[in-house]
Number of protein chains: 2
Amino acid sequence: MASSSAAVQAEAFPDGTKDYVPLRKRNYDIKKPHITDQPITLKNWYQHVNWLNTFFIIGIPLCGLVSTYWVRLRWETGVFAVAYYFFAGLGITAGYHRLWAHTSYKATLPLRIFLAAGGSAAVEGSARWWSSGHRAHHRYTDTEKDPYSVRKGLLYSHIGWMVMKQNPRKIGRTDITDLNEDPVVVWQHKNYLKSVVTMALVVPTVVCGYLWGDYIGGFVYAGILRIFFIQQATFCVNSLAHWLGDQPFDDRNSPRDHVITAFVTLGEGYHNFHHEFPSDFRNAIEWWQYDPTKWFIWVNKQLGLAYNLKTFPQNEIEKGRLQQIQKKLDQKRSTLDWGTPLENLPVIGWDDFVAESKDGKAWIAVAGVIHDVGKFIADHPGGKALINSAIGKDATAIFNGGVYNHSNAAHNLLSTMRVGVLRGGCEVEIWKRAQSENKDVATIVD
Amino acid sequence: MASSSAAVQAEAFPDGTKDYVPLRKRNYDIKKPHITDQPITLKNWYQHVNWLNTFFIIGIPLCGLVSTYWVRLRWETGVFAVAYYFFAGLGITAGYHRLWAHTSYKATLPLRIFLAAGGSAAVEGSARWWSSGHRAHHRYTDTEKDPYSVRKGLLYSHIGWMVMKQNPRKIGRTDITDLNEDPVVVWQHKNYLKSVVTMALVVPTVVCGYLWGDYIGGFVYAGILRIFFIQQATFCVNSLAHWLGDQPFDDRNSPRDHVITAFVTLGEGYHNFHHEFPSDFRNAIEWWQYDPTKWFIWVNKQLGLAYNLKTFPQNEIEKGRLQQIQKKLDQKRSTLDWGTPLENLPVIGWDDFVAESKDGKAWIAVAGVIHDVGKFIADHPGGKALINSAIGKDATAIFNGGVYNHSNAAHNLLSTMRVGVLRGGCEVEIWKRAQSENKDVATIVD
Ligand code: HEM
Ligand code: HEM
Ligand SMILES: [Fe+2]
Ligand SMILES: [Fe+2]
Ligand SMILES: [Fe+2]
Ligand SMILES: [Fe+2]
């Protein structure tokens, strides 16, 4: 196995990655000049278009849409198309994505064949090609080397990257040694067109035709149109999931969590989590979130078809969430006024404080800091009389429970009223020092 | 005015508060022994019940309920009863609570008369008595001195505190000098029974009788039953608002924010905010929250009937919210494992680190700390090969972008794998020192 695939392994780079080499085109040369090196002009635009992909992604669905005008949808075919939609979708999400791209669990041969078949039915390239690009997407998220970077626009990340040719040299290299060692992956890659035609079109046509005589309906609805829907749905993982929703774990890059994306993509919508913990077999970590791909993998585990399901420790997940909240909080904190820092305040002696207060200043000392409460007296929730009674005094104890144990809000407000720092601490310290030095308070100088 | 009320002012205590003295009972003596000094027994229980309140709060509504069996509800009377309900409700919320208890705005004479009339129609005591108790509730929230402390049970805070006699000496004293100076408050207090009978029963009876001939319906529905509903609704401020909901500003005491409470109480449901910022004329600070009392005050301002509407600075509100989130976050943080603190780790020399790694330990140095990644190699999302390639090396640069710029999650995980601190810092420092001292690396000792 390893020996047969070793022949097609590309040269390794020092960072552990290799160029992506398709297994079919033996004469493929990554070093040849590429069309994308030239700007798009009126003359060469058609060379920039990836016509094969365009045909598969846009052309065929269009034909399908038009033909529905003549083809009646039978309910049996409709039900089958929806079921086949989920089969193809799980091929991509549980197979291509969580199994092969991220090795977030291990699957037995029958399950791998099932998933590769479903993946072929979705018509989104081979598992080998898809996983290689997807690993680059994770490793180089949002950069030039990201094959579907949302920084190039939402439409580009959804479909543009397939409809237009891409320069393989610009896309991040990845290591797919493990995939080259999986015979299912290699077989599907080598027989890609055959498997697509069989799984995406022949099977639905034959099933609907054989079981209830609806060959043409099976072809149009369970085949072509169903391909279109599953493609658009799974493409949303690259577009919508990098564009819509929250970022509970990290907001430096584009991945986002949103329930709408989850509904569209069979549970791949918790994408901020997924980029942070890519080898977790779950995308949704709460039981009430929609992640049928996770449920599918779990059921397969119960059936003995899947094993070694990887999860990140809950401790690490909570830490990530906490740090992101902390980051937001720190940003918010820096936009608020927390009062003049103590080190920027003048130092004022006790006697000056008392004298100024007698002179008409509405100064109150609390915890060694002098505050000007003048503008606040009329608004004081505890009334004018009480706050006035503390002017020219050390109100540390009064403010902190002696009369009323003020709230956080009151402490915050107080800090915005700072005008000076009391020399020597609170009043009590001044008296204690005077006592021990046997001096009159008025004479204290430090 | 101040002179006439001065006669009934109680003796002031050093903390600025005074005993509550009703204006009617001239022979009232707070120092007499009180029934609540004795435990409730089978023999004296009826002395513990406040029969007057019980009659008003439970007896009358019961009679009303029974009489609905014979009295048909006419739709005109129904509509009027709902309107009168809001009138009485605003008397309590906009009048008793936000104007008189908290002086969160100023009202002209006509508005004060309107609010006192509405308050009488609600049958919840005089504005003077109500505000005095409410100020004690704020100043001594959740303590023995809180007249309706929820710590004594939800039912007690809702209705028990009125149905059972309370010892006025145990309830916190407050300062109501300002209320004694408001002629509307003093008049309503002195003529309380008269105004209650007029506003709560006579007016609805006469209006419904005079305008559409429904005297008895006006009495039963717009009078008695409406009283019952507005009482139960406003009582929820003392019970539900201290029991149901979130605590976005402070969780040391019981007040809570909940939209259900807001709906029931004409907007008094944002009670955590309210206890933190009691002199703000708003209870709901977001435009989309339900606070009709705030809207009523605002409309009166536009009409020139209310002025000096007080609000707390948004900066202070945001600070309060932020500190509460920070508090929760710190609590959460302390429950998580953040790895062994660096000061508890052994210091290991570079040569020992390299030697141990060659001896089979899966040690990787990052940022001067040695990590044992052994258990993680198989789970590494970047593959086994890459992480293996860093064993026995200083991977600081590799880990931080040289090969892949690891996420927060990866950094967190790394910190749980600490086994030692590298003597002398990162590899580069060890080499630099060796260079400058012109020595062999192996000989470095600090
Ligand atoms: C020095 C500046 C002061 C500031 C910034 C301040 C601020 C506040 C604030 C914001 C409240 C509302 C309730 C709360 O948030 O806890 C309050 C309530 C109160 N304050 Fe002050 N206060 C000051 C000084 C004083 C002093 C010196 C006294 C007493 C001598 C006092 C007595 C009270 C009382 C009794 C209440 C309770 C009123 C109630 O909730 O009904 N305050 N104060
Ligand atoms: C030393 C302990 C290491 C830990 C705890 C660790 C952890 C992780 C984690 C959690 C991820 C998932 C993506 C992310 O959260 O950023 C990751 C991805 C990756 N790591 Fe590491 N790593 C370690 C060492 C290394 C080393 C030494 C290399 C390279 C020589 C490396 C290369 C990569 C690569 C290339 C990825 C990207 C895989 C992808 O997302 O497809 N890691 N690592
Ligand atoms: Fe992504
Ligand atoms: Fe992924
Ligand atoms: Fe309250
Ligand atoms: Fe209040």
Side-chain angles (χ1 to χ4, degrees), chain A residues 14-17 102-104 135 138-140 175 177-178 249-250 252-253 275-280 308 310 312-313 315-326 329 332-333 335-338 378-386 389 398 402-405 407-410 412-413 415-416, chain B residues 14-17 102-104 135 138-140 175 177-178 249-250 252-253 275-280 308 310 312-313 315-326 328-329 332-333 335-338 378-386 389 398 402-404 407-410 412-413 415-416:
Chain A
D15 66 354
T17 60
H102 292 302
T103 60
S104 70
R135 288 181 185 180
H138 272 265
R139 184 159 171 181
Y140 305 106
D175 174 20
T177 327
D178 54 324
F249 296 100
D250 194 355
R252 290 174 303 179
N253 291 331
H275 268 261
E276 199 77 358
F277 305 101
S279 57
D280 198 305
N308 278 8
K310 288 186 202 163
F312 265 78
N315 185 59
E316 303 309 305
I317 296 172
E318 295 302 339
K319 275 154 75 178
R321 208 198 303 266
L322 190 141
Q323 286 165 324
Q324 178 60 24
I325 300 177
Q326 186 65 63
L329 218 54
K332 176 87 204 183
R333 181 177 285 113
T335 66
L336 297 174
D337 172 13
W338 296 88
D379 290 336
H380 180 232
K384 280 180 223 174
L386 282 177
S389 72
I398 297 174
V403 170
Y404 174 65
N405 194 2
S407 66
N408 287 339
N412 286 336
L413 203 59
S415 70
T416 64
Chain B
D15 67 353
T17 59
H102 293 302
T103 62
S104 70
R135 286 181 187 181
H138 272 264
R139 184 158 171 180
Y140 304 107
D175 174 20
T177 326
D178 54 324
F249 295 100
D250 194 355
R252 290 174 303 179
N253 291 330
H275 269 261
E276 199 76 1
F277 305 100
S279 56
D280 199 304
N308 277 10
K310 289 187 201 162
F312 264 76
N315 185 59
E316 302 309 305
I317 296 171
E318 295 300 340
K319 275 155 74 178
R321 208 198 303 268
L322 189 140
Q323 286 165 324
Q324 179 58 26
I325 300 176
Q326 185 65 65
K328 287 273 160 215
L329 219 54
K332 177 90 202 179
R333 180 178 287 113
T335 67
L336 298 173
D337 172 14
W338 296 88
D379 291 334
H380 180 230
K384 282 180 222 173
L386 282 177
S389 72
I398 296 174
V403 171
Y404 174 64
S407 65
N408 287 338
N412 286 337
L413 203 58
S415 69
T416 64

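Computed over heavy atoms, backbone and side chain alike; hydrogens, waters and symmetry mates excluded. Letters A, B, ... are given to chains in the order of the sequence lines, protein chains preceding strands, and every chain is numbered from 1.
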**Study point:** Contact origin within A:Lys310 toward chain B - heavy atom pairs under 4.5 Å
**Key:**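 The side chain, not the backbone.
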
Point to revise | Heavy-atom contact with chain B under 4.5 Å, split by part of A:Phe249 | key: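 Looking at A:Phe249, just its backbone touches chain B.
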
What part of [X] lies closer than 4.5 angstrom to a heavy atom of chain A: side chain, backbone, both or neither?
{"X": "B:His138", "value": "backbone"}
{"X": "B:Gln326", "value": "both"}
{"X": "B:Ala410", "value": "neither"}
{"X": "B:Ser104", "value": "neither"}

Any chance you could measure [X], atom [atom1], to [Y], atom [atom2], to the nearest 0.5 Å?
{"X": "B:Asn408", "Y": "A:Arg321", "atom1": "CG", "atom2": "CZ", "result": "14.0 Å"}
{"X": "A:Arg333", "Y": "B:Ile325", "atom1": "CZ", "atom2": "CD1", "result": "10.0 Å"}
{"X": "B:Glu276", "Y": "A:Asn412", "atom1": "CD", "atom2": "CG", "result": "8.5 Å"}
{"X": "B:Asp379", "Y": "A:Asn308", "atom1": "CG", "atom2": "CG", "result": "8.5 Å"}

Practice item. Against chain A, work out which of B:Gly320, B:Pro313, B:Ala409 has the most heavy-atom pairs shorter than 4.5 Å and name it. Key: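 The residue among B:Gly320, B:Pro313, B:Ala409 with the greatest pair count is B:Ala409.
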
Review point. After noting the C-alpha distance and the side-chain angles of B:Glu316 and A:Thr416, does the key distance pass the side chain to side chain contact (heavy atoms under 4.5 Å, CB included) rule?
Key: CA-CA 9 Å; B:Glu316 302 309 305; A:Thr416 64; 3.3 Å; yes

Review point. Do B:Leu413 and A:Lys319 come within less than 4.5 Å of each other through their side chains, counting heavy atoms only?
Key: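 Heavy-atom side-chain distance check fails, nothing below 4.5 Å.
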
Review point. Between A:Gln323 and B:Trp338, what is the shortest heavy-atom contact and its length?
Key: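 Looks like NE2-CZ3, 3.7 Å.
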
Point to revise | Non-hydrogen atoms of B:Leu322 and A:Leu329 that approach each other most closely | key: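 Heavy-atom minimum between the residues: CD1-O, 3.6 Å.
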
Review point. Looking at residues at least two apart in the chain, or sitting in another chain, which of them share a salt bridge (Lys or Arg N to Asp or Glu O under 4.0 Å) with B:Asp178?
Key: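 Result, salt bridge (Lys or Arg N to Asp or Glu O under 4.0 Å) vs B:Asp178: B:Arg135.
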
Point to revise | Top contributor to chain B interface from A:Asn315, A:Asn253, A:Thr103 [non-hydrogen pairs under 4.5 Å] | key: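 It is A:Asn315.
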
Practice item. Would you check if the side chain of B:Arg252 reaches a backbone N or O of A:Ser407 as a donor-acceptor pair within less than 3.5 Å? Key: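 Side chain of B:Arg252 to backbone of A:Ser407: no pair is present.
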
Check your understanding: Can you check whether B:Val403's main-chain N or O pairs, donor with acceptor, with A:Arg139's side chain at less than 3.5 Å?
Key ->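 Checked: pair present.
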
**Study point:** B:Tyr140: partners by ring pair (Phe, Tyr, Trp, His ring centres under 6.0 Å), with sequence neighbours left out
**Key:**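 B:Tyr140 satisfies ring pair (Phe, Tyr, Trp, His ring centres under 6.0 Å) with no other residue.
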
